[in-house]
Amino acid sequence: MKWSVEKVVLLVISLLIIFSIGTTAGFATCYIHRKDDLDFQSYQKDKWIYNINDFNEKNTDYNIIVEYIKNNFQQFLDDNFFVEISFTDNIDIQYRTAQLNQDNGEITYGEQQRPNFIMTHEEQSSINSIIESFKNSGKKLKYILLYNDRISFFRDREPYERSYALIYMFQNSKPDFLFQPDEFTKKSIKKVQGQWYHVVQNPL
């Protein structure tokens with residue numbers, strides 16, 4: 001079978017086009033995988049920017065407030081899922097209890113109240129130090145949640161930001177949730193020291 005010059009030229013052009021498409025697709029696939037790898041590496045590096053970064057300097061203050069909360073607020077946990085405690089810059093303390101509906105996971109809050117006990121000068125100094133610690137890390141201390149097995153210090157956040165908490169566990173075990181058991185929220189956990197952990201919400 002004889003091939004005309006025109007057929008040979010068309011065949012060569014067709015082969016070149018096929019090779020070009022395959023090469024472009026290969027480069028595109030490599031670029032996508034490389035971009036995914038870079039995005040993941042960037043996330044792994046950046047997810048801990050939410051951390052309290054001066055904990056080692058202020059761990060005495062954090063431990064003083066842990067004892068203050070355990071000694072004064074655990075009495076409100078009897079029939080409640082957690083107690084939410086908030087502080088302002090002038091140490092105006094408020095708290096409210098929260099109950100968890102085991103059937104649908106909904107949380108019902110009680111009324112905001114002021115406790116009838118006061119902080120010592122040392123405790124006031126420590127909570128001021130913690131408030132400053134959160135500010136130094138870029139955000140305010142939103143509230144502290146007391147559960148049966150932990151105390152969680154939550155940072156304030158914008159709607160597009162991931163939730164973060166510095167968590168103290170009563171027992172020597174890792175936190176198994178950020179907000180409540182069986183939550184959909186995925187999280188990353190990093191031990192700070194002792195029974196303290198950084199916990200940050202992962203992107204959905």
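Only heavy atoms go into these numbers, but all of them, side chains included; no hydrogens, no water, no symmetry mates.
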Just wondering, are more than 12 heavy atoms of other shown residues or ligands nearer than 6.0 Å to NZ in Lys140? no
Identify the residue among Phe55, Tyr147, Trp196 that makes a ring pair (Phe, Tyr, Trp, His ring centres under 6.0 Å) with Tyr168. Trp196
Determine yes or no for a side-chain-to-main-chain donor-acceptor pair under 3.5 angstrom, with Glu67 supplying the side chain and Ile64 the backbone. no
Aromatic contact, Phe87 with Tyr95 (centres under 6.0 Å): no
Tell me whether Phe170 shares a hydrophobic cluster with Ile69, the cluster being built from Ile, Leu, Val, Met, Phe, Trp, Tyr side chains joined at under 4.5 Å. yes
Do Ile107 and Leu145 share a hydrophobic cluster, counting only Ile, Leu, Val, Met, Phe, Trp and Tyr and linking them when any side-chain heavy atoms are less than 4.5 Å apart? yes
Phe154 vs Phe179 aromatic rings, parallel, tilted or perpendicular, using cut-offs 30° and 60°? parallel
CZ of Phe134 to CG of Asn136, rounded to nearest 0.5 Å, is 11.0 Å
Apply side-chain contact (heavy atoms from CB on, under 4.5 Å) to the pair Gln193 and Asn56, showing each step before the final yes or no. CA-CA 9 Å; Gln193 60 174 261; Asn56 290 336; 2.9 Å; yes
Less than 4.0 Å between a side-chain N and a carboxylate O, is that true for Lys187 and Asp176? no
Please tell me whether Phe81 and Phe73 are part of a single hydrophobic cluster in this structure, the criterion being side-chain heavy atoms less than 4.5 Å apart. no
Side chain Gln195, main chain Met169, donor-acceptor under 3.5 Å: yes
Hydrophobic cluster identity match, Val83 and Ile130, side-chain contacts under 4.5 Å: yes
Report yes if the side chains of Arg150 and Phe177 come closer than 4.5 Å at any heavy-atom pair, otherwise no. yes
Measure up the Tyr109 and Phe82 rings against each other and bin them: parallel (under 30°), tilted (30 to 60°), perpendicular (over 60°). perpendicular
Treating Ser126 as the side-chain partner and Ile65 as the backbone partner, does any N or O pair qualify as donor plus acceptor under 3.5 Å? no
Test Ser133 against Lys58 for side chain to side chain donor-acceptor pair (under 3.5 Å), laying out the working first. CA-CA 8 Å; Ser133 175; Lys58 298 179 181 287; 5.7 Å; no
Counting C-beta onward and ignoring hydrogens, is there a side-chain heavy-atom pair between Ile93 and Met119 closer than 4.5 Å? yes
Taking the six-membered ring for Trp and the single ring otherwise, decide whether the centroids of Phe153 and Tyr62 are under 6.0 Å apart. yes
Scan Leu166, Ile151, Val66 and name whichever one has a side chain to side chain contact (heavy atoms under 4.5 Å, CB included) with Ile144. Ile151
Do Gln75 side-chain atoms and Asn72 backbone N/O form a donor-acceptor pair below 3.5 Å? yes
For a side-chain hydrogen bond (donor to acceptor under 3.5 Å, both in side chains) with Tyr164, tell me which candidate from Arg157, Arg155, His198, Gln201 qualifies. His198
